[in-house]
Structures are given as structure tokens and as C-alpha cells.
Undergrad: 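I'd like to ask some things about the structure below.
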Amino acid sequence: MDEKKLLPVEEIARRLKTLRGETPVSELSEATGIGVSAINNYEAGLRIPRDEAKAKLASYFKQTVDAIFFTS
């Protein structure tokens with residue numbers, strides 16, 4: 001059985017920046033209810049989102065939480 005492992009914080013940051021693309025952080029913040037500073041911290045690799053924020057980001061980007069944050 002494959003076990004999910006959280007990706008390194010640097011990889012999570014890279015994926016989130018790539019997914020956001022040219023969308024302003026303020027727009028992502030407004031759409032998800034996640035603070036601008038929190039998003040900036042996630043994308044800078046300073047913090048990993050809590051489960052609730054992971055779910056909101058995955059929904060916004062039309063991805064699964066596993067696809068963004070975990071390896072299998």
C-alpha cells in the first residue's frame with residue numbers, strides 16, 4: 001500500500017506559485033478567504049497551509065489536495 005507523504009515545503013511553494021500564475025494574490029485571497037500574508041508565506045516556503053486552507057486552495061485551483069501537497 002502506497003503511503004502519502006507531504007511534499008517538501010519548497011515544492012509546495014513552487015506548485016502554488018505555478019498554479020496561481022498571473023492571478024493577483026489579492027484575488028486568490030478574496031476567493032478563498034485565506035489572508036494575503038498567509039498566501040505569501042505559503043509561496044515563499046515559510047509555512048505549509050493547514051488542512052482547511054489546503055482544501056480551499058485545491059478547490060480554487062480545481063485540483064485534489066493530494067495532487068498539490070502530497071506524494072504517493
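The analysis underlying the following values was restricted to heavy atoms, covering all of them including side chains, and did not include hydrogens, waters or symmetry mates.
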Undergrad: Please list, chain by chain and in numerical order, all residues satisfying side-chain hydrogen bond (donor to acceptor under 3.5 Å, both in side chains) with Glu52, sequence neighbours excluded.
TA: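 Glu52 satisfies side-chain hydrogen bond (donor to acceptor under 3.5 Å, both in side chains) with Lys56 once adjacent residues are dropped.
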Undergrad: Could you give the side-chain donor-acceptor pairs of residues 15-22 under 3.5 Å, partners two or more places apart or in another chain?
TA:
residue: Arg15; atom: NE; partner: Glu11; partner atom: OE2; Å: 2.9
residue: Arg15; atom: NH1; partner: Ala67; partner atom: O; Å: 2.7
residue: Arg15; atom: NH1; partner: Ile68; partner atom: O; Å: 3.4
residue: Lys17; atom: NZ; partner: Glu43; partner atom: O; Å: 3.3
residue: Thr18; atom: OG1; partner: Arg14; partner atom: O; Å: 2.9
residue: Arg20; atom: NE; partner: Glu43; partner atom: OE1; Å: 3.3
residue: Arg20; atom: NE; partner: Glu43; partner atom: OE2; Å: 2.7
residue: Arg20; atom: NH1; partner: Thr23; partner atom: O; Å: 2.6
residue: Arg20; atom: NH2; partner: Glu43; partner atom: OE1; Å: 2.8

Undergrad: Are Leu57 and Val36 linked, directly or through intermediate hydrophobic residues, by side-chain heavy-atom contacts shorter than 4.5 Å (ILVMFWY only)?
TA: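 Yes; Leu57 is reachable from Val36 via cluster members.
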Undergrad: Quick one: closest heavy-atom pair of Ser29 and Ile34, and the distance?
TA: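 Scanning both residues completely, I find the closest heavy atoms to be OG-O, 2.6 Å.
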Undergrad: Listing request: all salt bridge (charged side-chain N to carboxylate O under 4.0 Å, His left out) pairs with a residue in residues 24-41, at least two apart in sequence or in separate chains.
TA: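 Every pair satisfying salt bridge (charged side-chain N to carboxylate O under 4.0 Å, His left out) with a residue in residues 24-41: there are none.
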Undergrad: Over all heavy atoms of both residues, which pair between Gly45 and Ala13 is shortest? Give the atoms and the distance, please.
TA: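 It is N-CB, 3.7 Å.
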Undergrad: Is it true that a side-chain atom of Ser59 and a backbone atom of Ala55 form a donor plus acceptor pair closer than 3.5 Å?
TA: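 It does not hold such a pair.
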Undergrad: With sequence neighbours left out, write down each residue that passes side-chain contact (heavy atoms from CB on, under 4.5 Å) with Leu6, or none if nothing qualifies.
TA: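 Per chain and number, Leu6 pairs via side-chain contact (heavy atoms from CB on, under 4.5 Å) with Ile12, Ile48, Lys54, Phe69, Phe70.
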Undergrad: Tell me whether Val9 is reachable from Leu46 by hopping between hydrophobic residues (I, L, V, M, F, W, Y) whose side-chain heavy atoms are closer than 4.5 Å.
TA: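 No, because Leu46 and Val9 fall into different hydrophobic clusters, even though each may have its own neighbours under 4.5 Å.
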Undergrad: Kindly indicate, with the supporting measurements, whether the criterion side chain to side chain contact (heavy atoms under 4.5 Å, CB included) is fulfilled by Lys4 and Thr71.
TA: CA-CA 5 Å; Lys4 295 187 302 185; Thr71 64; over 6 Å; no
Undergrad: Kindly write out the residues that satisfy side-chain hydrogen bond (donor to acceptor under 3.5 Å, both in side chains) with Asn40, not counting sequence neighbours, or none if the list is empty.
TA: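 Expected list: none.
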